[in-house]
Engineer: 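Sharing a structure, written as structure tokens. Questions coming.
We name chains A, B, ... by the order of the sequence lines, and we start the count at 1 in each one.
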Amino acid sequence: MVVGAVIAGGVLFFAAGVFANRILRPSVPTPEKMTTYESGVDPVGHGWSQSQVRYYLYAYLYVVFAVDAVYLFPWATVLRQFGWATLGEMGVFLGILAVGLVHAWRRGALRWS
Amino acid sequence: MIDLGMDLGEIVEVVVRAASIIVAFIALPLLLGQTEHKVMAHMQGRLGPMYPGGFHGWAQLVADGAKFAQKEEIIPAAADRSIFRIAPAVSLLPYAVALTAVPLSADLVGADLDCGLLFVLAAMSVGVLGPLMAGWSSANKYALLGGLRAGAQLLAYELPMVLAAASVAMAAGTLSLTGIAQAWEPWWLLWQAPAALVFLTAGLAELQRPPFDLPIADSELVVGPYTEYAGLRFAFFLLAEYAGAVVLSALFTVLFLGGWQGPFDDVLGPVWTLLKTGLMGIVIIWLRVSWPRTREDQLQRLAWTLLVPLSLAQLVLTAVVVVAV
């Protein structure tokens with residue numbers, strides 16, 4: 001409930017700010033002003049250009065570990081009750097992931113090329 | 001009339017809680033911004049921020065606010081207008097949501113959630129969508145590159161941050177933020193020191209604060225995703241950065257510095273939390289003043305080859321101690 005109210009209040013704050021801004025500010029659009037900024041020269045091509053995404057390997061690694069982290073949190077809260085057995089099980093799980101990270105590291109996936 | 005199953009008292013309580021969160025959410029970042037002006041001015045001998053208004057340049061922030069509020073807003077003709085307009089809100093609001101669950105003391109908290117830690121981390125990482133949306137919708141090459149850098153940075157640093165937080169959750173045996181701060185003992189400062197270091201570093205990177213401000217690196221990308229922004233919407237992005245810094249300091253205080261624990265904490269609890277949070281805020285400013293900006297490849301290497309292994313090692317250490325003790 002409070003979270004919802006805070007979101008509503010935040011949206012209200014943003015809307016009120018933007019509205020007050022609309023009353024206070026001048027608005028004199030000219031074609032030059034509306035051009036895309038490219039260090040003062042006329043823009044070349046379009047802004048939504050294709051580029052190489054170099055970190056897709058990092059993204060894969062992230063997904064793997066993010067899923068791991070999801071399992072980690074419930075485990076973290078019950079560790080005290082179940083003791084060494086659950087620690088060993090999680091050790092195997094984390095160990096496999098660590099091996100994966102080491103493998104990626106050795107294959108050079110973590111080098112920005 | 002919609003029946004929410006609440007009586008008037010409960011509704012008033014919700015409104016009061018939400019209103020106090022919003023007020024804190026607006027006031028604390030401005031306070032941190034003002035502190036940053038002054039601390040940076042002293043540390044680097046900057047004259048400008050010490051001049052307006054007379055005593056220590058107290059009016060600088062007021063002047064900035066007045067300027068931002070009356071500046072013309074320019075939306076480029078090529079931009080995706082609707083996304084461009086709401087991006088600052090997407091950047092700003094998640095920090096208000098995160099602040100809701102951060103406790104000032106055991107019973108002074110916006111909303112005491114059982115999974116508060118998870119909630120705050122989740123809310124904080126939504127914030128990065130703002131720069132991504134701004135970068136894409138601007139249809140500007142600098143903005144696009146900056147937005148993608150922000151995304152790459154989140155991918156790299158979210159993980160060590162979550163692992164470091166998991167270590168504390170494991171030590172306390174709970175995901176509730178009040179529970180964690182209550183379980184905290186002074187020797188955790190040593191036991192959880194690597195996690196604290198990882199958490200602070202990763203948090204700075206996630207907020208795109210120097211030395212990890214690559215998405216807005218002015219020598220390379222103008223201001224990255226915010227290049228096309230002007231006026232109040234640009235100011236909201238700035239406010240989001242400080243709001244993020246406040247949330248990070250407060251969260252760090254609760255997780256690693258024991259929150260409200262201190263002498264006379266039955267009376268002074270909230271004061272201790274605020275003091276520690278303020279101290280962390282100054283540390284964050286201090287780091288900005290003293291470190292140069294990293295390079296993109298250094299940033300990724302630091303996350304994957306140092307912070308992730310370090311936080312995994314910390315997890316093992318925490319687990320062994322928890323089970324053995």
Engineer: Side chain, backbone, both or neither: which part of B:V97 has a heavy atom under 4.5 Å from chain A?
Structural biologist: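 The answer is both parts of B:V97.
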
Engineer: Considering only heavy atoms, which portion of B:I22 lies under 4.5 Å from any heavy atom of chain A: side chain, backbone, both, or neither?
Structural biologist: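 Contact with chain A involves the side chain of B:I22 alone.
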
Engineer: Report yes or no: does B:Y157 contribute a side-chain atom to a donor-acceptor pair with the main-chain N or O of B:L299 at less than 3.5 Å?
Structural biologist: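 Here the side-chain-to-backbone pair exists.
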
Engineer: Quick one, B:T318 and B:Q314 - any side-chain contact, counting heavy atoms below 4.5 Å?
Structural biologist: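 A side-chain contact under 4.5 Å exists here.
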
Engineer: Relative to chain A, which segment of B:A156 carries a heavy atom at a distance below 4.5 Å: side chain, backbone, both, or neither?
Structural biologist: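 Answer is neither: B:A156 stays 4.5 Å or more from chain A.
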
Engineer: Do you know which of B:A169, B:P76, B:A101, B:A89 has the most heavy-atom pairs under 4.5 Å to chain A?
Structural biologist: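 Looking at each of B:A169, B:P76, B:A101, B:A89 in turn, B:A89 comes out on top.
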
Engineer: With a 4.5 angstrom heavy-atom cut-off, is it the side chain or the backbone of B:A235 that approaches chain A, or both, or neither?
Structural biologist: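 Contact with chain A involves no heavy atom of B:A235 at all.
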
Engineer: Closest approach of B:P225 and B:G147, non-hydrogen atoms and distance?
Structural biologist: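 Reported closest heavy-atom pair: CG-N, 3.9 Å.
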
Engineer: Please state whether the side chain, the backbone, both or neither of B:S137 comes within less than 4.5 Å of a heavy atom of chain A.
Structural biologist: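 Contact with chain A involves the backbone of B:S137 alone.
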
Engineer: Do B:T294 and B:L302 come close enough that some side-chain heavy atom pair is under 4.5 Å?
Structural biologist: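 The answer is no, as the side chains (C-beta and beyond) never meet within the 4.5 Å cut-off.
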
Engineer: Compare every heavy atom of B:Y95 with every heavy atom of B:A243, then report the nearest pair and how far apart it is.
Structural biologist: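 Scanning both residues, the minimum pair turns out to be CB-CB, 4.0 Å.
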
Engineer: Below 4.5 Å, heavy-atom pairs only: which of B:P88, B:C115, B:A166, B:A172 has the largest tally toward chain A?
Structural biologist: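 The residue among B:P88, B:C115, B:A166, B:A172 with the greatest pair count is B:A166.
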
Engineer: Let me see the working for B:L117 and B:L255 under side chain to side chain contact (heavy atoms under 4.5 Å, CB included), right down to the final yes or no.
Structural biologist: CA-CA 9 Å; B:L117 178 59; B:L255 293 180; 3.8 Å; yes

Engineer: Non-hydrogen atoms of chain A under 4.5 Å away: do they reach the side chain of B:L312, the backbone, both or neither?
Structural biologist: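 For B:L312, side-chain heavy atoms alone lie under 4.5 Å from chain A.
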
Engineer: Sequence neighbours left out, cut at 3.5 Å: what donor-acceptor pairs do the side chains of residues 8-20 of chain A make with other protein atoms?
Structural biologist:
none

Engineer: Under a 4.5 Å cutoff for heavy-atom pairs, which residue among B:R17, B:K71, B:E72 has the most contacts with chain A?
Structural biologist: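 The residue among B:R17, B:K71, B:E72 with the greatest pair count is B:E72.
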
Engineer: With only heavy atoms counted, which part of B:L159 is less than 4.5 Å from chain A, the side chain, the backbone, both or neither?
Structural biologist: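 Its backbone and side chain both get close to chain A.
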
Engineer: Taking every non-hydrogen pair under 4.5 Å, which of B:V320, B:V308, B:L175 racks up the most with chain A?
Structural biologist: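 Ranked by contacts with chain A, first place is B:L175.
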
Engineer: Using non-hydrogen atoms and a 4.5 Å limit, figure out which bit of B:E73 sits close to chain A: side chain, backbone, both or neither.
Structural biologist: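 Both backbone and side chain.
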
Engineer: Report which part of B:I75 has an atom under 4.5 Å of a heavy atom belonging to chain A: side chain, backbone, both, or neither.
Structural biologist: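 B:I75 touches chain A through backbone heavy atoms alone.
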
Engineer: Please determine whether the number of non-hydrogen atoms from other residues, nucleotides or ligands lying under 6.0 Å from atom OH of A:Y71 exceeds 12.
Structural biologist: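 Open: at most 12 neighbouring heavy atoms sit under 6.0 Å from OH of A:Y71.
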
Engineer: With a 4.5 angstrom heavy-atom cut-off, could you sort out which part of B:T100 is near chain A: side chain, backbone, both or neither?
Structural biologist: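 Side chain of B:T100 only, per the 4.5 Å heavy-atom cut-off to chain A.
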
Engineer: Let me know if B:E228 has heavy atoms under 4.5 Å from chain A in its side chain, its backbone, both or neither.
Structural biologist: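 Answer is side chain: those atoms of B:E228 sit under 4.5 Å from chain A.
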
Engineer: Checking B:Y226 side chain against B:R233 main chain: does a donor-acceptor pair fall under 3.5 Å?
Structural biologist: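 Absent.
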
Engineer: Which atoms of B:V15 come close to chain A, meaning under 4.5 Å heavy atom to heavy atom: side chain ones, backbone ones, both, or neither?
Structural biologist: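 Answer is neither: B:V15 stays 4.5 Å or more from chain A.
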
Engineer: Taking the side chain from B:Q70 and the backbone from A:L24, do they hold a donor-acceptor pair closer than 3.5 Å?
Structural biologist: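 Absent.
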
Engineer: Would a line drawn from the ring center of B:F68 to the ring center of B:F236 be shorter than 6.0 Å?
Structural biologist: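 No, ring centres 6.0 Å or more apart.
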
Engineer: With only heavy atoms counted, which part of B:R85 is less than 4.5 Å from chain A, the side chain, the backbone, both or neither?
Structural biologist: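 Contact with chain A involves both backbone and side-chain atoms of B:R85.
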
Engineer: Check whether B:A19 gets within reach of chain A through its side chain, its backbone, both or neither, counting any heavy atom under 4.5 Å.
Structural biologist: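 The answer is neither part of B:A19.
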
